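Input: a single structure, listed below in structure tokens.
Since we're looking at a predicted model, the values are computed, not measured. Just so it is clear: chains get the letters A, B, ... in the order the sequence lines come, proteins before strands, and each one is counted from 1. Just the heavy atoms: all of them, side chains too, but no hydrogens, waters or symmetry mates, feed the values below.
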Number of protein chains: 2
Amino acid sequence: MPEIPDPIKEQCLSKGGIEGIVALIPSDQDIDHRSLVFRALAEPMRQKILFALVEQPLCACLLKEMLAISDSKLSYHLSILKDAELIKGKKEGSWIIYQPTKKGNSIAMLIQDF
Amino acid sequence: MPEIPDPIKEQCLSKGGIEGIVALIPSDQDIDHRSLVFRALAEPMRQKILFALVEQPLCACLLKEMLAISDSKLSYHLSILKDAELIKGKKEGSWIIYQPTKKGNSIAMLIQDF
DNA sequence: TTGTGGTTTCAAAAAGATTTGAAATGGTGA
DNA sequence: TCACCATTTCAAATCTTTTTGAAACCACAA
């Protein structure tokens, strides 16, 4: 009574066994970095913010109106997007204008097909 | 004393104002669907599972050994990946062999650059 | 049947993320 | 200086996700 199905075992051995496959998995650092991005995009509100900013840079005041949420809530979600390096804010006069980073832009394009 | 910075206001008006931009944001349905995928990939353990399965189909028993986690924990994470339609399980003899779906495969490729 | 191996379910506990409203910050103009 | 506006921070409350270990399930063989 085998403990592993045969065809899988064979294919697995041809890759150097379990260790061989584990070695092909991206590093923890890579994975943690992507996690940060995925957690940022996991919240619908934050996807909306990113997609709105891809259309055009916006100040917090317009985003707030657009999404109908409180200042502190918006600030919280913006900070998560900033930490994931998907957007950046630039001070202009009295306002902070947000826009996607290069990374934010390209990820926004890629995820259209998800 | 204006309430919105001028250049932003102009660009915004040229897109049909706030409503115009809101109309360009993907639908709630789209966004929620992507959220499911992002939540699934937000957890490092689940990224590892997906990347391992992209290398080769594996039974739960090998995944368990590879990741050094309990049965119920593995089962929980597999169910989240299945719900997001990133992987599927196929019964073969006594085992269930997991592998990425078509969608799981193509997303795994795309996110390498994230 | 009875047992066994592989997997899933369950409920409770623990950990983590989000929301809330109030208070703080920081720059700007009166 | 003072007041004001946009934005951020904070701590508490709430909500969601993950972990845990035990029990259940299911197909199959003895």
Does a side-chain N or O from [X] land closer than 4.0 Å to OP1 or OP2 of [N], or not?
X: A:Arg39; N: C:dG16; result: no
X: A:His77; N: C:dT19; result: yes
X: B:Lys73; N: C:dT7; result: no

Of all the choices, [options], which nucleotide is nearest to the side chain of [X] once you look at every atom?
X: B:Cys61; options: C:dT7, D:dT7, D:dG21; answer: C:dT7
X: B:Glu43; options: C:dT7, D:dT18, C:dA22; answer: D:dT18
X: B:Asp71; options: D:dT20, C:dT7, C:dA22; answer: C:dT7

Pick base, sugar-phosphate or nothing for [X], based on heavy-atom distances below 4.0 Å to the nucleic acid.
X: B:Ser79; answer: nothing
X: B:Lys64; answer: nothing
X: A:Ser75; answer: base

If you find the nucleotide of DNA chain C closest to A:Met45 and the one closest to B:Tyr76, which residue's nucleotide is nearer the 5' end? B:Tyr76
Using heavy atoms to find the nearest nucleotide of DNA chain C for A:Lys91 and B:Leu78 separately, return the residue whose nucleotide is more 5′. B:Leu78
Between the main-chain N or O of A:Ser72 and the side-chain N or O of A:Ser75, is there a donor-acceptor pair closer than 3.5 Å? no
Is it the case that the side chain of B:Lys15 and the backbone of A:Gln56 share a donor-acceptor pair, with hydrogens and angles ignored and the cut-off at 3.5 Å? no
Output the rounded distance in Å from [atom1] ([X]) to [atom2] ([N]).
X: A:Arg46; N: C:dA17; atom1: CZ; atom2: P; value: 10 Å
X: B:Trp95; N: D:dA29; atom1: CH2; atom2: P; value: 11 Å
X: B:Lys48; N: D:dT18; atom1: NZ; atom2: P; value: 15 Å
X: A:Ile97; N: C:dG27; atom1: CD1; atom2: P; value: 17 Å
X: B:Ile8; N: D:dA6; atom1: CD1; atom2: C1'; value: 15 Å
X: A:Ile69; N: C:dT20; atom1: CD1; atom2: P; value: 10 Å
X: B:Ile96; N: D:dC25; atom1: CD1; atom2: C1'; value: 12 Å
X: A:Asp83; N: D:dT9; atom1: CG; atom2: C1'; value: 14 Å

When you look at B:Ile21 and A:Leu62, which way does the side-chain contact (heavy atoms from CB on, under 4.5 Å) test go after all the steps? CA-CA 11 Å; B:Ile21 294 175; A:Leu62 275 178; over 6 Å; no
Going by side-chain contact (heavy atoms from CB on, under 4.5 Å), A:Leu53 matches just one of A:Leu63, A:Leu81, A:Asn105, A:Ile97. Which one? A:Leu63
Under 30°, 30 to 60°, or over 60°: which ring-plane class applies to B:Phe38 and A:Phe114, parallel, tilted or perpendicular? tilted
